[in-house]
Amino acid sequence: MSIGGAAALLGWLSISTASIIHGNVSSEAAVAAKTAELAQMQTQLAAMKSTSVALEGAVATRAAAIEARQHFLAQLLLPRHDLGKLAALLPRGGDIADAGQLIAPKHGALSVATMLEPFRRLESQQLAFVDRATEAANAQLKDRQTLVRSLGLDPERLTKQPSYGTGGPYIPVSAPADAEPRFKDLYLSWKKLETLETAMAAVPAYMPVRNFNYTSGFGVRYDPFNGGAAMHAGLDMAGVMGEPIYAAASGTVITAGRANGYGNLIELDHGRGLATRYGHLSKILVHSGEQVKQGAMIARMGSTGRSTGTHLHFEVRVDGRAVNPRPYLEASSFMLTAQSHVSGPPAEAASIN
């Protein structure tokens, strides 16, 4: 990569911490300012390159180190990246040595130090950028962990559980032992965040029905048929006959048909021990074994099975055990935001005819 290429990558250095996480610039004004700053840096570096001293010795070493760092940072900020390939791009060795230790024998100490000073300033910007990015990743990781715990889930357990449809050879991803310490810390923080956000894609977060009223909660209640105390394993969400029902998370259809008191039932396996059930449906729009996307319309509301009126019976299950779905629905907007960083927005619901 040329010094001009390194200058282009340096345009990332002053992007805000929020943009680091979201991968974009917030406004056209910011883009314009960044373009102007980039052009200025390119001019400066072009002037450095055209001086009478060729890029060799200390200068070449410094330039190569800057370019390696910038290539890693540019790849890290891509919306989609491979953690294994990213680890291989980590800058190697300790933090770049002081200019005085890199004096090229062909040149005097003063001239080389003078030539290296602009590089040192860029390196300072790099390290400040890396420190801010690491802090941002750690803060967002903490927020994600808090969100997962609010649902009664253990973040560590969630990341260790396999997702549905997984397989293939085991290829561990770790940072090289000789990677630059601060870049290694950034990589590991980013890896933890990305691992958790990937696992969070299995969490039911999309509202399964849009127009409804809660008519019965989770837990022990008086049975509507015999009046005795009975456990209610989900939420009842009443609406009109034929109201669309949506997948709360992406997954595999493991049940699609009649199921005793549920009437017409759909059960989705979202992986990582998480599943959802949708009962009393008037019409089922998916079949067993089908892969569905979060937000896809999978059924229509009805009153089949053991039901006193038109409603959706919605369940969330963790390792086969029914849990209260209410916290999942109440955290919907926050969870969907976190999930979109990895999986993108939910699928568009099919048009209603």
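Quick note: residue numbers are just sequence positions, from 1.
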With side chains defined as the heavy atoms from C-beta onward, is the minimum distance between Asn138 and Leu193 less than 4.5 Å? no
Start with the C-alpha gap between Arg121 and Glu123, add the side-chain angles, then the distance that decides, and say whether side-chain contact (heavy atoms from CB on, under 4.5 Å) holds. CA-CA 5 Å; Arg121 289 198 298 268; Glu123 289 161 9; over 6 Å; no
Distance-only, no hydrogens or angles: does the Ser340 side chain make a donor-acceptor pair with backbone N or O of Thr337 under 3.5 Å? yes
Within the side chain of Ser216, is there an N or O that forms a donor-acceptor pair under 3.5 Å with the backbone of Asp236? no
Between Asp131 and Arg182, does the salt bridge (charged side-chain N to carboxylate O under 4.0 Å, His left out) criterion hold? Intermediate values first, please. CA-CA 7 Å; Asp131 291 343; Arg182 287 152 86 173; 2.9 Å; yes
Residue list, salt bridge (charged side-chain N to carboxylate O under 4.0 Å, His left out) with Glu156, at least two apart or on another chain: Lys160
For Val253 and His287, what are the C-alpha separation, side-chain angles and deciding distance, and is it a side-chain contact (heavy atoms from CB on, under 4.5 Å)? CA-CA 7 Å; Val253 180; His287 56 80; over 6 Å; no
Would you call Ser150 and Leu147 a side-chain contact if the rule is heavy atoms closer than 4.5 Å? yes
Side-chain contact, heavy-atom cut-off 4.5 Å: Gln126 with Ile66? yes
With heavy-atom distances below 4.5 Å as the criterion, would you say the side chains of Leu281 and Arg300 are in contact? no
If we ignore hydrogens and angles and just use 3.5 Å, is the side chain of Gln140 paired with the main-chain N or O of Ala137 as donor and acceptor? no
List for me each residue that meets ring-ring contact (aromatic ring centres under 6.0 Å, His included) alongside Phe334, sequence neighbours excluded, and say none if there are none. none
Under the criterion side-chain contact (heavy atoms from CB on, under 4.5 Å), I'd like the reasoning laid out for Ile245 against Phe314: C-alpha separation, chi angles, the key distance, then a yes or no. CA-CA 10 Å; Ile245 306 300; Phe314 177 63; over 6 Å; no
Nearest heavy-atom pair of Ile266 and Ile298: which atoms, and what distance? CD1-O, 3.4 Å
Here the gap from Met335 atom CE to Leu329 atom CG, rounded to the nearest 0.5 Å, amounts to 11.5 Å
Indicate, with yes or no, if Val203 and Ile254 share a hydrophobic cluster defined by side-chain heavy-atom contacts under 4.5 Å among Ile, Leu, Val, Met, Phe, Trp and Tyr. no
Have a look at Glu197 and tell me which of Arg144, Lys192, Gln339 forms a side chain to side chain donor-acceptor pair (under 3.5 Å) with it. Arg144
Sequence neighbours excluded, every pair satisfying salt bridge (charged side-chain N to carboxylate O under 4.0 Å, His left out) that has a member inside residues 329-338: Arg326-Glu330
Looking at Arg272 and Asp319, does any basic side-chain N land under 4.0 Å from a carboxylate oxygen? no
Give a yes or no on whether the ring-centroid distance for His280 and Tyr262 is below 6.0 angstrom. no
Are Ser303 and His311 close enough that a side-chain donor and a side-chain acceptor fall under 3.5 Å? no
Rounded to the nearest 0.5 Å, how far does CG of Leu274 lie from CG of Leu268? 12.0 Å
Minimum heavy-atom separation for Pro327 to Asn324, with atom names? CD-O, 3.2 Å
Rounded to the nearest 0.5 Å, how far apart are CG of Asn264 and OG1 of Thr255? 12.0 Å
Between Ser189 and Tyr187, is any side-chain donor less than 3.5 angstrom from a side-chain acceptor? no
If I compare all heavy atoms of Ala249 with all of Ala201, which pair ends up nearest, and what's the gap? CB-O, 4.1 Å
Gap between atom CD of Glu194 and atom CG of Leu83 - 0.5 Å precision: 4.5 Å
With hydrophobic residues grouped by side-chain heavy-atom distances under 4.5 Å, do Leu265 and Val292 end up in a single group? no
Polar side-chain atom of Gln294 near backbone of Ala248 as donor-acceptor pair, under 3.5 Å: yes
Take Asn211 and Met301, measure what side-chain contact (heavy atoms from CB on, under 4.5 Å) needs, and give me the verdict at the end. CA-CA 11 Å; Asn211 301 303; Met301 187 182 291; over 6 Å; no
Taking Met241 as the starting point, is it possible to reach Val209 by hopping between hydrophobic residues whose side chains are less than 4.5 Å apart? no
Separation between OG1 of Thr276 and NE2 of His270, rounded to the nearest 0.5 Å: 2.5 Å
Using a 6.0 Å distance limit plus a 45 degree cone around the ring axis, check whether Arg210 lies over the aromatic ring of Tyr246. yes
Is the closest basic N to carboxylate O distance between Glu180 and Arg69 below 4.0 Å? yes
Going by heavy atoms in the side chains, are Pro204 and Tyr328 under 4.5 Å from each other? yes
Considering only heavy atoms from C-beta outward, does the side chain of Leu73 approach that of His71 to under 4.5 Å? no
With side chains defined as the heavy atoms from C-beta onward, is the minimum distance between Val240 and Thr310 less than 4.5 Å? no
So do the side chains of His313 and Met237 get within less than 4.5 Å of each other, counting heavy atoms only? no
Atom pair CD (Gln291) and OG (Ser250), whose distance is rounded to the nearest 0.5 Å: 9.0 Å
